[in-house]
Amino acid sequence: MTKIWLLDIGYKPGTSEIHLWGIKDSGERILAVDRSFRQYLYTTYGDKKMAEEELRKFHNLRLEKVTGRIFGREIDLLKIFFEDGSEDVNKLANRLRRRGLRVFEDDIRLSSKYLIDQPVKPSSWHDVELSEHDNGVSEISSINFVSNEPIPELKVLSLHMVALPTKGSPNPKKDPIILMTLVDSMGVTYLEGEESKILQRFVEYVQERDPDVIAGFDSNEWMWPYIMERAKHIGVSLSVGRGGSSPHRSLYGHVSIEGRASLDLKDMVDEIPELQLESLEELAEYFGLRKIEEFTELTDPELPAAWRQNLQLVKNYSRERAEAIYHLTTQEILGYAIALSSLTGIPLDHVLTAAVGFRVEAYLMKEAHKRGEVIPPRRERRPSGYVGGYVWKPKPGLVEDVVVLDFKSMYPNIMVKYNVSPDTLIHSGEEIKDFYEAPDVGHRFRKEPPGLYKEALLRLIQYRDSIKERLKKVDQERKKILRAQEKAVKVITNAMYGYAGWVGARWYVKEVAEAAAAWGRWIVKTAAKIAEELGFEIVYGDTDSLFVKNIPEKTSLLVESIQRRTGVEIKLEKHYVRLLFTEAKKKYAGLTRDGELEIVGLEAVRGDWSRAAKKLQKEIIEVVLRELDVEKAERIWSRRTRELKEGKVPLRELIIWKKITKPLDEYAVLAPHVVAAQILRDKGFRVDVGGKIGYIVERGEGKIRDRVSPFPFVNKENVDLEYYVEHQLNPVVERILKVVSQNFAKPGSRKMGLRRFMS
DNA sequence: TATAGGCACGTGGAGCCCTGTCT
DNA sequence: AGACAGGGCTCCACGTGCCT
């Protein structure tokens, strides 16, 4: 018996031969082949003769009569195995469908199916029965999951690449790679000189050091495709895979390297909503590695000159990024990716790239399989919305001493409590006596048996509790692993409700999400009613939270009453000394009891306002909330306005960043950032969907979009300072002062204060 | 290879009215 | 007097990014 940690999984195309790349507990890296698995699909066989007729046309099929469940309903099925080891299920599935039969699980890739079907988990330890063959290949005769701990020592290589653009962004058709910087446990290696030499040495380096993980930033969409095209162009064989194969584009735009995990840290950016620029530098700052300003800056237009005149600058630029990638990977991201991979069953290689919905789905597929549920096919559906959470309208102005009550994991708890699940929904005509009925929308769910969502959620909750228990007892190093696991579990748990309402989900049933939302509204409104009955004043509330004016001697009674009546756990989450509400929902600022200033939803926390405006708004809020001094706030306002008008504000603070969310020619309206992006594109720069465009507004007549200038082609001389006063500084300040001036400014001075800068 | 809905808010675009100018 | 271009205005859709 051998112990193997599963790093990567693949299969030989056209066959049922599963390739498992693993790490033995001795540290040896091996490829083990499993030839025992067979691809299969299910079909209904309403007309038995017809099914048999079709099946006779195929050789080497093995049939099994089984009973499965689809959305909780029992159904008789034929399970059809492809005994000849082929994995071509499409042909058979299509034929059966053409005959009007229902077919299931033909749309799941072989390696995914293996992971769902077998006691095998990626990024985990297994007991394996191996037989060695002469050709060095090990064959598996049995494999069993053991544990997802400990995590073996993985060899990580990080990679940063610089190409020399002739015009705009580097173009892989003509612009060579001039530098590659590699970082691993041995330190930094620069590959420079002739491009073919760089690539050859890169391949040698990978073969020699044989890393398990290769990490980059924007490597799936940009770096790997670039390297691959250059290698092809100059005729270098890019055999960096463990079997000697080249990298290849696999599913969903991901680039796979055989036997290794290729990670793109850019995928991590989506998981951290706090990030506004979504850059590597910002990611590094977020994890406390290095501040954005401490990175050497080098934009594409500056690169050619720097390459000629200041080689060291270019090398520093590249090294800093390669090091950041290495440290982020080893210290922050790899552990999380491993935990997520082991939990969802998605191989390490893919798990960061996979969108949230697909992670949840991967987890559900395994749960469903355990319960004897057949996995429903993915289907095209028309999106149709439903009513979501309830939001109170706040009273604008200041309010003191407010406590916030939060329902803990409201939607997961609702789904567990009321057994809300696609397989427990009662359809019209069904006569079930024992049911829960959702308020408002009237959907009914049977109380027994527990549904797929309920069981999946309970298992997750249980797992998280056990992690929390263990966290109390273990040492620092193990704590880190457990925290990563906890985070992974949390991500999946919290996404379950959203998944339920996603039209692309295999288990999409609109009534499920709609009912969960309805129960949510009922619970939070019931809580509000209880609070009011007890004499509390509701200040605000959003979906699963209630802001109430504090009555210290009654808060614990309030919490108890709400929990008793609604049956859902509620927590006293926050205590604000003072809160400021604007006229809008979802926008407020507060001072907590520990003296922290919190800003929610306002421009100061939005990424699409200039830094100048954001900083000023924060200053104003700070002075208003902490010092209750509106006049001082107005003085700051006028000082900042003056500074801006006198040109004392750095250009960088005036840049407005916005995301490009679709191809430029699909925009119906030419917004300023779209025009800025067009200008960049026309200069030969890459404008990617999902990329951020920075621009400033220049002086001139007419529409804003007709006078934008994209970063980095901005010139301080041309900035329309008046625009920044009128459309950036003034609105964000006025939004705040408008709601407090009557309370705090002396009579008479208020209007003065506000009007002074308005016209 | 899109987890959901609710919400604010700047900007552009369409359409309307008004007004001044030309015929 | 009537036609019409163009400015100013209103209203709404688009687009982004936030909150829970």
Side-chain angles (χ1 to χ4, degrees), chain A residues 220 250-254 267 270-271 273-276 278 346 350-364 378 381 383-394 404 406-407 409-411 491-505 507-508 510 512-514 516-518 520-521 524 540-546 573 582-588 598-609 613 656-662 666-675 689-690 692-693 697 702-706 708 723 726-728 731-732 735:
Chain A
N220 284 333
S250 86
L251 269 57
Y252 332 127
H254 177 258
D267 292 328
D270 299 332
E271 310 211 14
E274 289 93 324
L275 303 187
Q276 290 180 334
E278 305 183 356
I346 300 173
H350 272 110
V351 74
L352 290 183
T353 306
V356 177
F358 293 88
R359 294 177 188 171
V360 173
E361 192 151 276
Y363 178 77
L364 279 177
R378 172 149 291 132
R381 292 190 191 87
S384 82
Y386 63 89
V387 182
Y390 181 78
V391 189
W392 270 261
K393 204 173 160 61
V404 183
D406 260 289
F407 283 100
S409 309
M410 187 178 74
Y411 289 129
V491 163
I492 301 298
T493 310
N494 291 343
M496 195 73 79
Y497 158 72
Y499 172 85
W502 170 40
V503 285
W507 277 281
Y508 171 77
K510 181 177 156 180
V512 168
E514 197 168 36
R521 292 192 301 273
V524 74
Y540 179 64
D542 185 349
T543 309
D544 60 356
S545 68
L546 269 188
E573 196 57 56
T582 65
E583 287 164 337
K585 299 174 176 182
K586 297 181 188 275
K587 288 170 191 257
Y588 56 90
E598 285 183 1
I599 301 179
V600 179
L602 290 159
E603 287 78 5
V605 298
R606 289 179 65 98
D608 56 352
W609 285 76
I656 298 164
W657 292 91
K658 275 189 164 67
K659 191 183 266 189
I660 294 296
T661 60
K662 53 184 162 188
E666 284 176 22
Y667 277 93
V669 175
L670 287 177
H673 74 290
V674 178
V675 174
V689 172
K692 295 267 183 176
I693 299 293
V697 177
K703 291 182 171 24
I704 293 158
R705 65 124 186 272
D706 294 327
V708 292
Y723 170 85
E726 294 292 332
H727 294 267
Q728 289 279 319
V732 303
R735 204 118 49 219

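We name chains A, B, ... by the order of the sequence lines, and we start the count at 1 in each one.
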Out of dG10(B), dG12(B), dC19(C), whichever nucleotide has its closest atom nearest the side chain of Val600(A): dC19(C)
Minimum-distance nucleotide to Lys587(A) side chain [options: dG12(B), dT1(B), dC9(B)]: dC9(B)
Proximity to the side chain of Val605(A) - top-ranked nucleotide from dG12(B), dG5(B), dC18(C): dC18(C)
Kindly confirm whether the side-chain ring of Trp502(A) is stacked on the base of dT3(B), judged by centres under 5.5 Å and planes under 30°. no
Rounded to the nearest angstrom, tell me the gap between atom CG in Asp542(A) and atom C1' in dC7(B). 9 Å
d(CD1, Ile656(A); P, dG10(B)) in whole Å: 12 Å
Assign Val503(A) to base, sugar-phosphate, or nothing according to its heavy-atom contacts below 4.0 angstrom with the strands shown. nothing
NA contact type, Tyr588(A), heavy-atom cut-off 4.0 Å: base, sugar-phosphate, or nothing? sugar-phosphate
Measure from the side-chain heavy atoms of Val669(A) and tell me the nearest of dG13(B), dA2(B), dG17(C). dG13(B)
Heavy atoms only, 4.0 Å cut-off, all strands: where does Gly601(A) land among base, sugar-phosphate and nothing? sugar-phosphate
Which part of the nucleic acid, if any, lies within contact of Leu602(A), taking any heavy atom under 4.0 Å across all strands shown: a base, the sugar-phosphate backbone alone, or nothing? nothing
Whole Å only: how far is the NZ atom of Lys659(A) from the P atom of dG15(C)? 15 Å
Pair Arg381(A), Tyr508(A) - check side-chain contact (heavy atoms from CB on, under 4.5 Å), show working. CA-CA 10 Å; Arg381(A) 292 190 191 87; Tyr508(A) 171 77; 3.5 Å; yes
So what does Arg521(A) hit on the nucleic acid, given a heavy-atom distance under 4.0 Å: a base, only sugar-phosphate, or nothing? nothing
Using whole Å, what does the distance between atom P of nucleotide dG8(C) and atom NZ of Lys703(A) come to? 12 Å
Taking the minimum atom-to-atom distance to the side chain of His673(A), which one of dT1(B), dT16(C), dG6(B) wins? dT16(C)
Using the rule given for side-chain contact (heavy atoms from CB on, under 4.5 Å), can you reason through Tyr540(A) versus Lys586(A), listing the C-alpha separation, both sets of side-chain angles and the distance that settles it, and then say yes or no? CA-CA 9 Å; Tyr540(A) 179 64; Lys586(A) 297 181 188 275; 3.8 Å; yes
Classify the side chain of Lys585(A) versus the base of dC7(B) as yes if they form a donor-acceptor pair under 3.5 Å and no if they do not. no
With DNA chain B as reference, determine whether Met496(A) or Gly389(A) sits nearer its 5' end, using the nearest nucleotide of each. Met496(A)
Heavy atoms only, 4.0 Å cut-off, all strands: where does Tyr386(A) land among base, sugar-phosphate and nothing? sugar-phosphate
Would you mind classifying the nucleic acid contact of Lys510(A) as base, sugar-phosphate or nothing, using non-hydrogen atoms under 4.0 angstrom? nothing
Touch class at under 4.0 angstrom, heavy-atom based, for Arg359(A) against every strand present: nothing
Determine the contact category for Tyr667(A): base if any of its heavy atoms lies under 4.0 Å from a base atom, sugar-phosphate if only primed atoms, P, OP1 or OP2 are that close, otherwise nothing. sugar-phosphate
Using a heavy-atom cut-off of under 4.0 Å over every strand shown, decide if Val387(A) touches base, sugar-phosphate, or nothing. sugar-phosphate
For Lys662(A), report the nucleic acid contact type (base, sugar-phosphate, nothing); a contact means any heavy atom under 4.0 Å. sugar-phosphate
Should Lys585(A) and Asp542(A) count as an ion pair when the cut-off is N to O under 4.0 Å? no
Measure from the side-chain heavy atoms of Thr661(A) and tell me the nearest of dT16(C), dG5(B), dC9(B). dT16(C)
Where the side chain of Ala668(A) is concerned, which of dT3(B), dG10(B), dC14(C) is the nearest nucleotide? dC14(C)
So Ala584(A), base contact, sugar-phosphate only, or nothing? Heavy-atom distance under 4.0 Å. sugar-phosphate
Parallel, tilted or perpendicular for His350(A) and His254(A), by the 30°/60° rule? tilted
Whole angstroms only, please: what is the CD-P distance between Glu271(A) and dT3(B)? 11 Å
With a non-hydrogen cut-off below 4.0 angstrom, is Gly498(A) in contact with a base, only sugar-phosphate, or nothing? base
Using a cut-off of 4.0 Å on non-hydrogen atoms, how would the nucleic acid contact of Pro672(A) be classed: base, sugar-phosphate, or nothing? sugar-phosphate
His727(A) and Tyr723(A) aromatic ring geometry - parallel, tilted or perpendicular at 30°/60° bounds: parallel
